[in-house]
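These notes concern the structure reproduced below.
The residues of the chain are indexed from 1 along the displayed sequence. When a ligand or atom number is given, it counts from 1 through the structure's own listing order.
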Amino acid sequence: GNGLPKVFVAQPVPGEVEAYLKEHCDCRIWRGPGRLPLDTLFSEVGEMEGVMLSGFKVNGELLDRSPKLRVVSDVSVGYNNFDLELMRARGVAGTHTPGVLDDTVADLAMGLLLAAARRIPELDRYVKDGNWQRGDNEALFGKDVHHATLGILGMGRIGEALAKRARFGFDMEVLYHNRHRKPEAEMALGVRYAGFEELLSGSDYVVLLAPLTPATRGMMDEEAFRRMKPDAVFVNVSRGETVREEALVRALSEGWIRGAGLDVYEKEPVPRESPLLGMANCVTLPHIGSAVAQTRADMAMLAARSMVAVLEGRDPGTIVPELR
Ligand code: 8YV
């Protein structure tokens, strides 16, 4: 080899990312077709010092097969796939891609909120099925977004981008709940801190943007949905497992809430038999929060640079906080 660190890239990357990687690493790249099979990943990592991937669990199964691994670079901002205890024990760094997808995901969250509020997918299908009643028929009425109250659960980078859209684009009141207060966001955006229960009972729209951690797993349960207003709309663009999905199904079918907009699910792909897929008041998207070409290119470049920075012994700046 050329003395450069050996890395495996588990998905195709844009040309400029490939060029960067080849300059700094001795790299092998999975070019498809389709998604890399898990057993192929396992067979590739044996000699690798770095792996760049997304959507794979970084657990004992993978780490036991990667004796030379020094860093795993996840091409995503959510790094719940990392077994942080095991990585720390094995001295394997983990990096992720914060900061480059905030606006893309916030756009999608706002779009999903509007789609659920004004029933856009349902009424698009209505017209395409040959129906027509002018919007003055109350059967087609939706819910206002402007001047309504938005509750943001998890006020991180994406949450602040969403708050900007809600406050300055739609004149909304914005409450937020977070592990810690964000006085600068309160000053700059006019958002107000609220306790979890207070946010749930005081919001017309609740958007879940918290990362999936042991503390947030299943946080939206039956009690939480029952606390929401009967005319409220719930949006989830974080991780499906932050929601007890059977409670959400009951909330929607029994009218504890008005509707939902989902980009993520407890199981993905969402099972064909999921009741959510039969509900007119539930908008269902296929985990497309960051699905924009430029954004994915920026994520891949950041993931590559973060991995190389660890391999070259520089401070990468994006090692996940718990592994610093
Ligand atoms: C996915 C995401 O990671 O960034 C995140 O946390 O959820 C998405 O960008 C991406 O779709 C790859 O799984």
Legend entry - Protein heavy atom at shortest distance from atom 10 (C) of ligand 1: Arg296 NH2, 3.7 Å
Legend entry - Identity and separation of the nearest protein heavy atom to atom 2 (C) of ligand 1: His287 NE2, 3.6 Å
Legend entry - Qualifying residue, where the test is side chain to side chain contact (heavy atoms under 4.5 Å, CB included) with Val207 and the options are Val174, Leu162, Val233: Leu162
Inset, instruction - Return yes if some donor-acceptor pair links the side-chain N/O of Ser274 with the main-chain N/O of Pro271 below 3.5 Å, else return no. - result: no
Legend entry - Within-cut-off N or O pair, Met299 and ligand 1, under 3.5 Å: no
Legend entry - Proximity of Ser290 to ligand 1 by residue part, where a heavy atom lies under 4.0 Å: side chain
Inset, instruction - Establish, from distance only, whether the side-chain atoms of Arg258 and Asn281 form a donor-acceptor pair under 3.5 Å. - result: no
Legend entry - Side chain, backbone, both or neither: the part of Leu101 lying under 4.0 Å from ligand 1 by heavy atom: side chain
Inset, instruction - Could you find the nearest protein heavy atom to atom 3 (O) of ligand 1 and give me its residue, atom name and distance? - result: Ser76 CB, 2.8 Å
Legend entry - Note, Tyr126 side chain near Leu140 side chain (heavy atom, < 4.5 Å): yes
Inset, instruction - Could you tell me the residue and atom name of the protein heavy atom closest to atom 12 (C) of ligand 1, and the distance to it rounded to 0.1 Å? - result: Ser54 OG, 3.6 Å
Legend entry - Leu199, Val235, Ile257, Asn236 screened by side chain to side chain contact (heavy atoms under 4.5 Å, CB included) with Val206, the one that passes: Leu199
Inset, instruction - Identify which of Glu268, His96, Gln11, Arg239 has a heavy atom lying nearest to atom 6 (O) of ligand 1. - result: Arg239
Legend entry - Close side-chain approach of Arg118 to Leu123, heavy-atom, < 4.5 Å: no
